Protein chains: 2
Amino acid sequence: MSVRHTGVTTDPAILRDDEQMACDVREVLDRIGDKWTVLVINELAHGVRRFRQLQRCVQGISQRMLTLTLRRLERDGLVVRTVYPTVPARVEYALTPTGHSLTFVLKAVADWAAEHRHTVIESRAHWDSGTGEPGPGLERPRRTGQPGRAASAVD
Amino acid sequence: MSVRHTGVTTDPAILRDDEQMACDVREVLDRIGDKWTVLVINELAHGVRRFRQLQRCVQGISQRMLTLTLRRLERDGLVVRTVYPTVPARVEYALTPTGHSLTFVLKAVADWAAEHRHTVIESRAHWDSGTGEPGPGLERPRRTGQPGRAASAVD
DNA sequence: CAGTATCCTGGACGATACTG
DNA sequence: CAGTATCGTCCAGGATACTG
């Protein structure tokens, strides 16, 4: 398989029985895997933003979800909230250093997406046309492969 | 914090009005952001696995979810399914090159998690002790900050 | 402007039973 | 062993209304 990594990191990606690593990933995903978090972070990566600005930029987000998302990010120390005691109130949100460091990870994810989008879309289309199932109804587990031998023993 | 990227990529992570990038990330997250996908991928990163093996290793996953997760991965071309026509049937799952390439991204995420876990946990604890709210009930938006000036004008 | 409070719905996920 | 089929639950998230 050889993998073709840039030669930078050690190598065996997530390999090894590092159950810990998988655990770490799940933790992060529990935080940023939701519908809005990365979109908000992305917007804040551009600079300080006020509540309304965010709601306008992050197309489609409701007040409720923007509030919840920002609260969670603040709680985790990824975002700082600054209130200016004016009338009406003015509130600004900005990424903390930790929050900013996360943008680099997101960049890595985005890069992977960009590089493999076509492959994935193709594969998906091929799968969907398999039986004629046009939608992502997810079915079709057939194909009695003839890979060499026929299994040696039990489990 | 300086972030410490290898010096490879340009720099401003997700910066720039690359709404596209945020979009890419969301796409991937829609696929791997669920409860089991990364755990299954992590297990498969160790090598070829059979259905039952996976169910045993990925602690807590139900048959239904394992099937669904594997189907989605197969549909996206991240996993290959091989059926050996024995009785009872024997089915093996393995990562495709694309799937394997994803493990490197997951590694990056895991690394970030490992590096910032303490900071996040601390911040979270601090937030929770803010009012006395012990649980992640997520509240408390108070604090009438006194950051220098008092805002110049409206919006 | 910047929120909070309610109500409601779809879909993710778990539990269980059955099949080739 | 490797699934499929069904049913039930829970909660993320949307819609809407009200407040300082």
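Throughout, protein chains are lettered first and strands after them, A, B, ... in sequence-line order, and every chain is numbered starting at 1. Only a predicted model underlies this, so the values are computations on that prediction, with no experimental measurement involved.
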Qualifying residues under salt bridge (Lys or Arg N to Asp or Glu O under 4.0 Å), relative to B:Glu122, sequence neighbours excluded: none
Any B:Tyr93 side-chain nitrogen or oxygen under 4.0 Å from OP1 or OP2 of D:dG3: yes
Between C:dA12 (P) and B:Leu68 (CG): distance, integer Å: 9 Å
Earlier contact from the 5' end, DNA chain D, for A:Ala89 and A:Gly33: A:Gly33
From D:dA2, C:dG14, D:dG14, nucleotide with atom closest to B:Met65 side chain: C:dG14
Nearest-Å distance for atom pair CD1/P, residues B:Ile61 and C:dC13: 9 Å
Any donor-acceptor N or O pair under 3.5 Å, side chains A:Gln53, A:Arg56: no
Below 4.0 Å: OP1/OP2 of D:dC1 and any side-chain N or O of B:Arg52: yes
Separation of atom CZ in A:Arg50 from atom P in C:dG3, rounded to whole Å: 10 Å
For C:dA12, the Watson-Crick or wobble partner whose two distances fall under 3.5 Å: D:dT9
Separation of atom CG in B:Leu29 from atom C1' in D:dA12, rounded to whole Å: 15 Å
Rounded interatomic separation in angstrom, taking CG from B:Leu66 and P from C:dA15: 14 Å
Pair partner, D:dG3 [Watson-Crick or wobble, under 3.5 Å]: C:dC18
Shortest non-hydrogen contact between B:Trp112 and A:Val28, atoms and distance: CE3-CG2, 4.0 Å
Rounded interatomic separation in angstrom, taking CG from A:Leu54 and C1' from C:dG3: 13 Å
Taking every non-hydrogen atom, the tightest pair across A:Val25 and B:Ala110: CG2-CB, 3.7 Å
When you compare the protein's N or O atoms with those of nucleotides 4-6 of chain D, which come within less than 3.5 Å of each other, and at what distance?
from  : atom 1 : to      : atom 2 : distance (Å)
D:dT4 : O4     : B:Gln63 : OE1    : 3.4

Smallest separation among heavy atoms of B:Val40 and B:Leu70, with atom names: CG1-CD2, 3.9 Å
Between C:dG11 (C1') and B:Asp34 (CG): distance, integer Å: 13 Å
Pairwise distance CG(B:Leu95) to CG(B:Leu73) - rounded to 0.5 angstrom: 8.5 Å
Earlier contact from the 5' end, DNA chain C, for B:Arg72 and A:Leu70: A:Leu70
Rounded distance (Å) that lies between atom P of C:dG10 and atom NZ of A:Lys35: 14 Å
Residues forming a salt bridge (Lys or Arg N to Asp or Glu O under 4.0 Å) with A:Arg72, sequence neighbours excluded: none
